[in-house]
J.: 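Sending over a structure as structure tokens; questions will come in a sec.
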Amino acid sequence: MILLFLIPILSCDWSTACSSCPVLECWFVQEKTGRGGGLAAATTLEKSLLHIQTDPHPAESQQAPPDIHPDRVYLITDPAGTLCHRSLNPPRGSVEKPQCEINPFLPQPSTLKWASPLTDSAFSPIYLQADWFSTALQGLNGQLAVSTITRAPTATKEHRVVLSVTTTTVSVQSRLGGPVLLDCGLWADPSSPLSGSGFAVEWRYQFRGDGRLVLAYDGKTDRLADVQEEGATLDYEGLHQRGNASLILREAKVRHSGLYICTVYLPYLVAQVTMELQVVEPPSLSIHPSPLPLAVPGQSFTVQCEASGFAPLALELSWEFKGTDGKSRPLGSGSLTGHRQAWDGTYSQSTRLELDSAELDLGRGGEVTCVAVHLGGTRRASVTLNVIGFSSPSIEDSMAMVGVALVLYGLIKFVSWTVTSSGNKGQRKLK
């Protein structure tokens, strides 16, 4: 299948997404030639400079800065304009700069089942006899990650991008159960003889040293690898027409959190970008018992708050009390239990709090609140606490009691007067 991606991976709206092409400061990394003995070869780091342009034109004489060797100043032609993205071109004088690393690259056939058909002929074209570099870049604020393979005629410093792979989803958060799109775009130089021999795409997952193949596609034979994760797919039409190699996860699960690697193969060439997915689900809170029983001064009882269904694991639980005067104060974290994991990978945790109305000075009661601070957001759950028979009545209660006393006093006086009057009348009749 012919691979001719004439549309850039990142279509540049030059007023917004792209600006003038940058001069990129890079680290040139290569291994020193080993001297035998079985020791690993050391690596060297050299500062380098990449002058980016979209249209090939003769290189102008560029004076290298004093800390960069003239042999490490390169001219890179990128017809797709990907390297001219604004996240790779910070304002003049900016402290923050894009991350960039460039390495010598050796073209070679792949042995993977879904990529080996690209070099079935086992013929190494003369086109490969050149200087090849692999460059990895990350834009400011994680807006963009790019990996390119460039070629230059031997002993020259004028490179041209042959293959580039990008992602605009360097770091992604998703709610549990929602669809996820991990962006990956590829572009192959249509003028290169390698772009007409097919391509392959591979997605892999890694987390804490564990890895697995998510999906692999042979674009030359239009075949998927035998191993494919359930719920993972590609937009195959968009892949062939626009170079859209994005991975689609139909339903995010906790086990999907981790590092994803999108690798693109051309005959003898390979480039990849990585991105991180974090599935985030805030906790649901419940308090037991609810409602709280009536309390009397000096009585103690236990209240429990359970946070459930959250991911990732990190969670902070605490208690607060808001009195009838409207003032709030912390009650600490209580007694925390360990984490428990449910069948869907989410976690739960509980905290218990001993409430002593006298010791904690809870007054006449108020509102007890459980607070959960999580990456997915802060959640609160509250119950009302009523303390009866409190020994120090409020001003309102004192006034009410005075009023009741006055009413009772008046009633007693009235009854006494009535009885006295009735007795006097009876005595007069007897006389």
Side-chain angles (χ1 to χ4, degrees), residues 20-35 39-54 56-90 92-108 127-140 142-167 170 187 189 192 194 261 263-264 266 268-274:
S20 59
C21 294
V23 176
L24 292 169
E25 296 179 8
C26 257
W27 286 106
F28 188 92
V29 183
Q30 65 178 340
E31 292 184 355
K32 288 183 178 179
T33 304
R35 296 185 177 181
L39 298 176
T43 59
T44 60
L45 293 174
E46 297 179 78
K47 285 187 176 181
S48 63
L49 215 57
L50 309 183
H51 293 267
I52 310 299
Q53 61 182 17
T54 55
H57 54 73
E60 299 178 0
S61 177
Q62 300 285 349
Q63 184 175 1
D67 59 338
I68 297 179
H69 194 279
D71 288 345
R72 292 289 175 250
V73 179
Y74 302 97
L75 178 67
I76 310 292
T77 300
D78 178 19
T82 305
L83 299 181
C84 300
H85 192 270
R86 64 182 179 187
S87 68
L88 300 175
N89 193 6
R92 186 182 298 273
S94 175
V95 176
E96 293 187 35
K97 297 183 182 298
Q99 300 176 31
C100 179
E101 181 178 310
I102 187 168
N103 308 83
F105 177 80
L106 178 62
Q108 54 188 330
Y127 178 77
L128 297 181
Q129 298 176 13
D131 291 338
W132 294 84
F133 284 163
S134 171
T135 307
L137 306 102
Q138 184 161 321
L140 299 177
Q143 296 180 46
L144 178 73
V146 187
S147 177
T148 66
I149 302 296
T150 61
R151 177 188 181 275
T154 304
T156 69
K157 296 187 295 179
E158 297 183 17
H159 281 252
R160 182 180 177 92
V161 175
V162 178
L163 171 64
S164 60
V165 181
T166 69
T167 180
V170 178
W187 181 87
D189 182 5
S192 169
L194 302 182
I261 306 170
T263 306
V264 175
L266 290 187
Y268 304 98
L269 307 182
V270 59
Q272 62 182 209
V273 289
T274 62

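The structure displayed is predicted, hence computed values, not measured ones.
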J.: Can you give me the closest heavy-atom contact between Val162 and Tyr127, atom names plus distance?
T.: CG2-OH, 3.6 Å
J.: Gln108: which residues meet the side-chain contact (heavy atoms from CB on, under 4.5 Å) condition with it, sequence neighbours left out?
T.: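 For Gln108, no residue satisfies side-chain contact (heavy atoms from CB on, under 4.5 Å) once neighbours in sequence are set aside.
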J.: Would you say that more than 12 heavy atoms from the other residues, nucleotides or ligands in this model lie under 6.0 Å from the NZ of Lys47, or not?
T.: no
J.: Any non-hydrogen side-chain atom of Val23 less than 4.5 Å from a side-chain atom of Leu49?
T.: yes
J.: Looking at every non-hydrogen atom in both residues, tell me the closest pair between Leu194 and Tyr268 and how far apart they are.
T.: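 Nearest heavy atoms, Leu194 then Tyr268: CD2-CD1, 4.3 Å.
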J.: Using a distance-only test with no angle check, is there a side-chain donor-acceptor pair under 3.5 angstrom linking Thr43 and Glu31?
T.: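 No pair is found: no donor N or O on one side chain lies under 3.5 Å from an acceptor on the other.
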J.: Determine which pairs satisfy salt bridge (charged side-chain N to carboxylate O under 4.0 Å, His left out) with at least one residue from residues 69-83, sequence neighbours left out, and list them in order.
T.: Glu46-Arg72
J.: Look only at the side chain of Ser94 and the backbone of Glu96, and say whether a donor-acceptor pair between them is shorter than 3.5 Å.
T.: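 Side chain of Ser94 to backbone of Glu96, a donor-acceptor pair under 3.5 Å: yes, one is there.
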J.: Using distance alone, with no hydrogens and no angle criterion, decide if Tyr74 and Thr150 have a side-chain donor and acceptor under 3.5 Å apart.
T.: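 No.
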J.: Ignoring hydrogens and angles, state whether a donor on the side chain of Thr263 or Gln272 is under 3.5 Å from an acceptor on the partner side chain.
T.: yes
J.: Where do Gly81 and Thr54 come nearest, in terms of heavy atoms and distance?
T.: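 Looking at all heavy atoms of both residues, the shortest contact is CA-CG2, 3.9 Å.
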J.: List the residues meeting side-chain contact (heavy atoms from CB on, under 4.5 Å) with Ala145, not counting sequence neighbours, and say none if there are none.
T.: Thr167, Val170
J.: Run the side-chain contact (heavy atoms from CB on, under 4.5 Å) test against Pro104 and tell me which residues pass, sequence neighbours left out.
T.: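 Here the qualifying residues are Phe28, Gln30.
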J.: Please name all residues satisfying side-chain contact (heavy atoms from CB on, under 4.5 Å) with Lys97, sequence neighbours left out, ordered by chain then number.
T.: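 side-chain contact (heavy atoms from CB on, under 4.5 Å) list for Lys97, sorted by chain: Glu25.
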J.: Looking only at heavy atoms, what is the nearest atom pair of Phe105 and Leu269, with distance?
T.: CE2-CD2, 3.7 Å
J.: Keeping the roles fixed (side chain from Thr148, backbone from Ser164), state whether a donor-acceptor pair exists under 3.5 Å.
T.: no
J.: Sequence neighbours left out, cut at 3.5 Å: what donor-acceptor pairs do the side chains of residues 131-140 make with other protein atoms?
T.:
unit_1 : atom_1 : unit_2 : atom_2 : d
Asp131 : OD2    : Ala155 : N      : 3.0
Trp132 : NE1    : Leu128 : O      : 3.0

J.: Got Leu163 and Asp189 here, is their nearest side-chain heavy-atom distance under 4.5 Å?
T.: no
J.: Side chains of Asn89 and Ser20, heavy atoms from C-beta outward: is any pair under 4.5 Å?
T.: yes
J.: Return the minimal non-hydrogen interatomic distance between Val270 and Ile149, and the atom names on each side.
T.: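 Val270 and Ile149 have their closest heavy atoms at O-CD1, 3.4 Å.
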J.: What heavy-atom pair brings Thr82 and Leu144 nearest, and what distance separates the two atoms?
T.: O-CD2, 4.3 Å
J.: I'd like to know if the side chain of Lys157 reaches the main chain of Pro70, judged simply by a donor and an acceptor atom lying under 3.5 Å from each other, with no hydrogens or angles considered.
T.: yes
